[in-house]
Amino acid sequence: MKELTLETLIAVFEEIYGRGLFWTLVVLAGLITLGFAYVLIRDHQLSARRLVNAEIFAPLGAVGAVLFVLWFTNSKLGDIGGPIDWIIFAGIAIAGAGGLTIFMYTLQSILWPKKS
Amino acid sequence: MTELERIAASRRAFLGMAGGAAAALSLTAGAARAQSRPAVKTKARIVIVGSGAGGTGMVNRLVDRLEGAEITLVDGRKQHLYQPGFTLIAAGLKPASYSVSGTGDWLPSGAKWVQEYAAGIDPVAQIVTTTGGTKLPYDYLIVATGLSLDWGGVEGFSLDMVGRNGIGAVYAGPDYAAATWKEMDDFTSRGGVGLFSRPATEMKCAGAPLKYTFIVDDYLRRKGTREKSQVIYASNNKALFSVPIVSEKLKLLFVDRGVDTRYDHVLKGIDASAKTATFKVAAQEVANPDGSKTQIPAREETIAFDFMNVIPPMRAPQVVRESGLSHSTKWLDQGWIEVDTATLRHVRYPNIFGLGDINGVPKGKTAASVKWHIPVVEDHLVADIAGSVGTATFNGYTSCPMITRIGRAMLVEFDYKDNLVPSFPGVIAPLEELWISWLMKEVALKPTYNAMLRGKA
């Protein structure tokens, strides 16, 4: 690659998902993050109970993210080769797990604000 | 709770922070845009022949860099073809439409597109003439025609044979690549002899014939027909790849996959009904176990096949070969233009630059090389117009995501001197079969290519 700047990366992601979908996803991720920060500040605490409830979904997020990437790229588990492949693989799983956990935590906190 | 904590914890403060962050981000983005170089004012007439990867990427960069220039793109082709996608189409992973878009979809409003092919280039009078007779005088010319596939160079072959009798031609275009997949799918379900080769001329994406061999081998294995099949790769010389270390690695992989590799074989012609291909085989010297050597004279060899990917010789388009721009001492039968290998400026006509496959340089007939050609030509051209001297150079960078099976590839990158120049040293090993390299080819390459067309990468 000639140069990997933020602008190049954004251009590449816009091409992968299409400009509309990419920015929708960015806004969605941003909203969930903002929502998470909002409920943390509103409640002045991280609710252990809600977090445990949300973490139940973490394995689902991990498996879902991995299956999606494998399907999207015509790959299978056996194609994982060197260390970098395992790192990417783990990264996708962790992102899926973390993403869904945060989403579920935020969802609970917004839907049932009093129950904590 | 301290005063500071109370402020941070209030909802209003939170909203204020969020709004402030968004404003700061948009300001930063605005500042970044304002810092880009000011456009150079000029009345120069620039003609770009060819609207492929090079011509399109270039015109999008030039309209940003120059103000007032008269930029004309000459190409009669209405479809833009994403050629790196042909292998994926012929592997049954993408439809033919994956590689097709409209030429006009990528062109900026600040340039004129003449929808005719170039019929003549006169570098002395500085005029390009189109097939419709339009004369386009220029101050600067960028030759980005790409190359011609010389199908007539394979005796007994014509493109209407593709998609029947086990004959494929991945290079011929998206529809032919799709027809090739149909034949390959059928062949790999039954098994038999798969025959692969490459021409003796310079060629675009010299890794593609090898990739396709690996992919066919993979399908035979997946379908359980590999044991009763033979996969033959006939190389035009004594190597599998121009970079020695890559060639050796590929030899190891071919041994691992049980590919029957033949060297010094150049395809002469095919007999479609008999399903045979004839190769010219150069004289060879074979070492015997007792240390003596046996000379085998040059000969012709006919190989029967059940499936074959036909790849013809490749040459500069006729309009270029007749223009006097071709190299005067090298590639005489192929006609690549004589440019400086570092600046890509024509050695005899300083106001002419070469971009992409047409360049007479030792390496780099790939889209990845085009990506590196563009900023070099842009730098020298804009510097010329601005009255300064360009400094950018091309080091021969070429990239080849060498697919070794569906789901794995080696990200091979190298330069003129056969050095490996990995983009991610220590992270993505160039000679290792990796999933991440496959991901790059499958997912990231086309978006990167499209970003290049838009002049963004």
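In what follows, every heavy atom counts, from backbone to side chain, and hydrogens, waters and symmetry copies are set aside. Just so you know, these numbers come straight off a predicted model, no measurement behind them. In what follows, chains carry the letters A, B, and so on, assigned in the order in which the sequence lines appear, proteins first and then strands, with residues in each chain numbered from 1.
To the nearest 0.5 Å, the span separating CH2 on B/Trp435 from CD1 on A/Ile80 amounts to 4.5 Å. To the nearest 0.5 Å, atom CG of residue A/Asn74 and atom CG of residue B/Leu88 are 8.5 Å apart. Atoms CG and CG, on B/Leu439 and A/Asp79 in that order, are 9.0 Å from each other to the nearest 0.5 Å. Atom OG1 of A/Thr73 and atom CD1 of B/Ile406 lie 11.5 Å apart (nearest 0.5 Å).
Sparse packing is recorded around CZ of A/Phe57, with 12 or fewer heavy atoms of other residues, nucleotides or ligands lying under 6.0 Å away. Surrounding CZ of B/Arg222 are more than 12 heavy atoms belonging to other residues, nucleotides or ligands, all under 6.0 Å away. By the neighbour-count criterion of 12 heavy atoms within 6.0 Å, atom OH of B/Tyr219 is densely surrounded, having more than that number from other residues, nucleotides or ligands. The number of heavy atoms from other shown groups lying within 6.0 Å of CZ (A/Phe36) is above 12.
Both the backbone and the side chain of B/Leu434 come within less than 4.5 Å of a heavy atom of chain A. Residue contact with chain B, scored on non-hydrogen atoms closer than 4.5 Å, is absent for A/Ile87. The contact between A/Phe72 and chain B is made by backbone and side chain atoms together, counting heavy-atom distances below 4.5 Å.
Top candidate by heavy-atom pairs under 4.5 Å with chain A, chosen from B/Lys441, B/Arg405, B/Glu432, is B/Arg405.
Minimum heavy-atom separation, B/Gly407 to A/Ser75: CA-OG, 4.5 Å.
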Q: Give the C-alpha distance, both sets of side-chain angles, the deciding distance and a yes or no for side-chain contact (heavy atoms from CB on, under 4.5 Å) between B/Trp438 and A/Asp85.
A: CA-CA 10 Å; B/Trp438 165 260; A/Asp85 286 351; over 6 Å; no

